Every structure is written in C-alpha cells, then in structure tokens.
2 protein chains.
Amino acid sequence: MTTELNPLGNHLSYALAAAHRSVTQSLTVRLKKHGIHIEAWRVMECLDAGTRLSMGELAKQALLNPPALSKLVDRMVSDGLVHRQIATADQRQINLLLTNLGRRRMLQVRRDVEDEDRALAQKFDTTDGALLIQLLSQLS
Amino acid sequence: MTTELNPLGNHLSYALAAAHRSVTQSLTVRLKKHGIHIEAWRVMECLDAGTRLSMGELAKQALLNPPALSKLVDRMVSDGLVHRQIATADQRQINLLLTNLGRRRMLQVRRDVEDEDRALAQKFDTTDGALLIQLLSQLS
DNA sequence: TGAAATTAGTTGACTTGGAAAGAAAATTCA
DNA sequence: TGAATTTTCTTTCCAAGTCAACTAATTTCA
C-alpha cells in the first residue's frame, strides 16, 4: 500500500517530515487565496483565544522562534491584521492584538483550515485521527 | 497531561507541526557536530540505498523541491560528500553519487540518527512508535 | 540605593527556500 | 526529417528563517 522502496521509511523523523510536508503543502494551497501563510493563521488563532499574550508566549504557541515571529508580526502589522501594544505591567513586553480586519480574516481562514482538517480525517478510519493527534502530542 | 491551553491543539496540522518542530530541533542539535543538515543526511541515505537516482527521484525521496535539492547538492559537492555524473541513457539526467568521504560521513551520522530514533521510541509504550509511523504514512 | 545581571523583544548579516523563467536534451508527430 | 512540445535540471530574484549582537526595561543583591 505505501510505496516503501525508501530506505528512510522506518525513521520516525522521516515519516514525520514527509507527513508534515504533505499536509503543509495542501494547507498552503488552500490558504493562498487568503494571501496568508500557515504561521500567520496560527498567530491569529492564538490571539483570538482570549488571554493577552506576550511575544514570547505567542512564539511558543505559534511554533516560531522569536526573531521569526518579530518579522512575521511586522508584515502582519503592515497588512493591517494586528497591532502591537506595550504591556502596562512590564514595558518590555508587547501584547499583540487582532484588528477587526484581522479577526474577520481569521474567521474566513478558519473555515478553510477546518475543511482541510475534515479532508485529513477522512484518510483515517473512526478514531485513528484523534489517536494520531494524541501520539504526536507525546513528541512535543 | 498535555498542557492544553492551546486553541490549536485539536488541529492535526498543528499537532504535526509541533511534533515535527520538536523532533527536527533535537535531531539538528545531534547532527550539528557533523556539520550536516537533516536534509543532507536524507540525501546521503537515499544515495546509499543502491539504485541510481536522478535528481528528480532523489528530490521526491529526500522531501525537497528540485531547486532546493540543486542548491543543497552544490553545497555537498563543495564539501566533497557527493559528485554529479551525467546519466548515459539520458543526458539531461544527473546521477548523484556518494564519495568515499560522503559514505564515511553518512555512517557516522547514521549512528546519531539511530540514537535519536531510540530516544524517540522511548516516549511511547510498546508498539505505539510503529503505530505512529504507520498512521503518518497514511498522510503522505 | 544603584551597579550588575537578567529578561523581552528587535535588528543585522548571512543562509536557505520557493516560484518562475531559462537552457539543454529527448520525444512527438505532421 | 525537423519544428513543436515535453522533460530534466539549474538559475535568478526575492521572501523568510537563523544566529548573534543589540537596546531597553526589570530584577537582584551587596
């Protein structure tokens, strides 16, 4: 069933990279029409979730290193999706906030991501999708 | 048990990205002492497997787009790890071959990758590691 | 208190990756 | 045959990521 002529096939790191690549590619195609990258979507979802996040916390949740987040946020600011606000308690910290445009955009994007999720879920029978997520979470 | 304050946690694409990031990071640390990237290791393993591969086939197996492979190969050539050979049957094709240095380096790197694999396997009980690989392979 | 150390975020130099165009060989078919 | 098309790989140009250094705010503790 799987075309396993590949010497790397038994390495978890390879299986993971292959699956990640495949899922990322199809999701990227879906998001292209919104003019948005997967990472920007992750940032927006984190922001929407409620609690004010510093850049550092946001970087962890959105799976980005701080410099990469900083630069992504620069782009999102100039696209009008988010804005920076200096935290009152600690003036070194930045709270990032969604703009109205950003919130609307996120809702649109979310629908496509959920479509993609459903498409992925169909590749598994019954509860295997949830099982996969559960196994993956043991790695991070 | 997983710190699930994260709105993205139920998305397969997120769980995958998180796991991939985590595994990639620790493997990258391990490979750093060899001065080699994970992608270069994948290329070398593919080459070692025997059958002559064109750049196109190699790109698929090593999970790289053709331009990325082309550039990586440039670097590997100047590091003395591989060399290009024009295919006799079709002069457009390139067969990439490991040098002796490349083969030796691959064997060294392989030991570290296998260490990493074992470390990962210990995060799961009994057959869950194999199950995870099997589930992941349904995605690619 | 206030100098030293730590923490948060950004910037700069450099590396790598992607999309699209290009070059060269092979194939198609009128 | 040979012009048009397709295939294979590379190059170019630009976008994005990393590491290390930097700035500024906060905390530590002598």
Side-chain angles (χ1 to χ4, degrees), chain A residues 17 20-22 24-43 46-47 52-79 81-97, chain B residues 17 20-22 24-29 31-33 35-43 46-47 52-79 81-97:
Chain A
H20 179 248
R21 177 176 164 85
S22 161
T24 297
Q25 278 179 343
S26 61
L27 191 49
T28 297
V29 169
R30 255 183 226 269
L31 299 197
K32 186 155 283 177
K33 66 169 173 295
H34 300 287
I36 239 172
H37 285 215
I38 297 178
E39 292 77 16
W41 167 70
R42 286 203 301 254
V43 166
C46 293
L47 295 180
R52 291 186 157 236
L53 294 176
S54 66
M55 294 292 276
E57 292 159 342
L58 182 55
K60 278 178 209 135
Q61 292 196 15
L63 311 177
L64 293 163
N65 294 332
L69 177 60
S70 222
K71 289 166 187 175
L72 174 57
V73 166
D74 287 347
R75 284 171 246 139
M76 294 176 75
V77 167
S78 56
D79 291 345
L81 300 173
V82 296
H83 63 99
R84 288 180 166 97
Q85 192 178 67
I86 296 176
T88 47
D90 183 337
Q91 307 229 96
R92 291 169 305 182
Q93 293 191 341
I94 299 287
N95 292 138
L96 202 64
L97 300 170
Chain B
H20 179 248
R21 177 176 164 84
S22 161
T24 296
Q25 278 179 343
S26 60
L27 191 49
T28 296
V29 169
L31 299 197
K32 185 155 283 173
K33 67 169 172 293
I36 239 172
H37 285 212
I38 297 178
E39 294 76 15
W41 168 70
R42 288 202 301 254
V43 165
C46 292
L47 294 180
R52 292 186 156 235
L53 293 176
S54 67
M55 294 292 276
E57 293 158 342
L58 182 56
K60 278 179 208 133
Q61 292 196 17
L63 311 177
L64 292 163
N65 295 332
L69 176 60
S70 224
K71 291 165 193 173
L72 173 57
V73 166
D74 288 347
R75 283 171 247 140
M76 293 174 75
V77 167
S78 57
D79 291 345
L81 301 174
V82 296
H83 62 98
R84 288 179 165 96
Q85 192 178 69
I86 296 177
T88 49
D90 183 338
Q91 307 229 96
R92 290 169 304 180
Q93 293 190 341
I94 300 287
N95 291 139
L96 203 64
L97 300 171

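All figures in this text were calculated on a predicted structure; none of them were measured in a lab. Sequence lines set the chain letters: A, B, ... in the order given, protein chains first and strands last, and positions in each chain run from 1.
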Excluding sequence neighbours, so at least two apart, what forms side-chain contact (heavy atoms from CB on, under 4.5 Å) with [X]?
{"X": "Asn65(B)", "value": "Arg21(A), Gln25(A), Pro67(B)"}
{"X": "Thr24(A)", "value": "His20(A), Thr28(A), Ile38(A)"}
{"X": "Ala87(B)", "value": "Gln93(B), Asn95(B)"}
{"X": "Glu57(A)", "value": "Leu53(A), Ser54(A)"}

Supply the atom-to-atom distance [X] [atom1] to [Y] [atom2], rounded to the nearest 0.5 angstrom.
{"X": "Leu58(A)", "Y": "Arg42(A)", "atom1": "CG", "atom2": "CZ", "value": "10.5 Å"}
{"X": "Arg75(A)", "Y": "His37(A)", "atom1": "CZ", "atom2": "NE2", "value": "7.5 Å"}
{"X": "Gln61(A)", "Y": "Leu69(A)", "atom1": "CD", "atom2": "CG", "value": "11.5 Å"}

* Within residues 85-94 of chain A or reaching into it, pairs that qualify as salt bridge (Lys or Arg N to Asp or Glu O under 4.0 Å) - sequence neighbours excluded ->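 Residue pairs with at least one partner in residues 85-94 of chain A: Asp90(A)-Arg92(A).
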* **salt bridge (Lys or Arg N to Asp or Glu O under 4.0 Å) pairs, two or more places apart, involving residues 58-74 of chain A** =>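 Sorted pair list: Asp74(A)-Arg84(A).
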* To do: Report the C-alpha separation of Ile36(A) and Asp79(A) in whole Å, then their side-chain angles, then the decisive distance to 0.1 Å, and conclude whether the side-chain contact (heavy atoms from CB on, under 4.5 Å) test is met.
  => CA-CA 10 Å; Ile36(A) 239 172; Asp79(A) 291 345; over 6 Å; no
* Asked: Mind checking which nucleotides bracket the chain A contacts on DNA chain D, 5' to 3', with an atom under 4.0 Å from a heavy atom?
  ->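 First-to-last contact on DNA chain D, by the 4.0 Å heavy-atom rule, is dA16(D) to dT26(D).
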In whole angstrom, give the distance that lies between atom [atom1] of [X] and atom [atom2] of [N].
{"X": "Gln25(A)", "N": "dG17(C)", "atom1": "CD", "atom2": "C1'", "answer": "13 Å"}
{"X": "Gln91(B)", "N": "dT27(C)", "atom1": "CD", "atom2": "P", "answer": "11 Å"}
{"X": "Met76(B)", "N": "dT15(C)", "atom1": "CE", "atom2": "C1'", "answer": "17 Å"}

* To do: Describe, as an angle rounded to 10 degrees, how the axis at the first end of the helix from dT1(C)-dA30(D) to dA30(C)-dT1(D) is tilted relative to the axis at the last end, five pairs per end.
  => 10°
* Asked: So which of residues 34-43 of chain A are in contact with DNA chain C, with a heavy-atom cut-off of under 4.0 Å?
  ->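 Of all residues in residues 34-43 of chain A, none places a heavy atom under 4.0 Å from DNA chain C.
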Do any N or O atoms of the protein come closer than 3.5 Å to N or O atoms of nucleotides 7-10 of chain C, and which pairs are they?
unit_1, atom_1, unit_2, atom_2, d
dT7(C), O2, Arg92(A), NH1, 2.6
dG9(C), OP1, Met55(A), N, 2.9
dG9(C), OP1, Ile94(A), N, 3.3
dG9(C), OP2, Gly56(A), N, 2.7
dT10(C), OP1, Arg84(A), NE, 2.7
dT10(C), OP1, Arg84(A), NH2, 3.1
dT10(C), OP2, Ser70(A), OG, 2.4
dT10(C), O5', Ser70(A), OG, 2.9

* To do: Determine, stepwise, if the pair Ile94(A) / Val73(A) fulfils side-chain contact (heavy atoms from CB on, under 4.5 Å).
  => CA-CA 11 Å; Ile94(A) 299 287; Val73(A) 166; over 6 Å; no
* salt bridge (charged side-chain N to carboxylate O under 4.0 Å, His left out) involving Arg30(A) - partner list, sequence neighbours excluded -> Glu116(A)
* Which residues share a side-chain hydrogen bond (donor to acceptor under 3.5 Å, both in side chains) with His34(A), sequence neighbours left out ->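 Asp112(A).
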* Kindly say if Arg21(A) contacts the phosphate of dG17(C), meaning a side-chain N or O under 4.0 Å from OP1 or OP2. => no
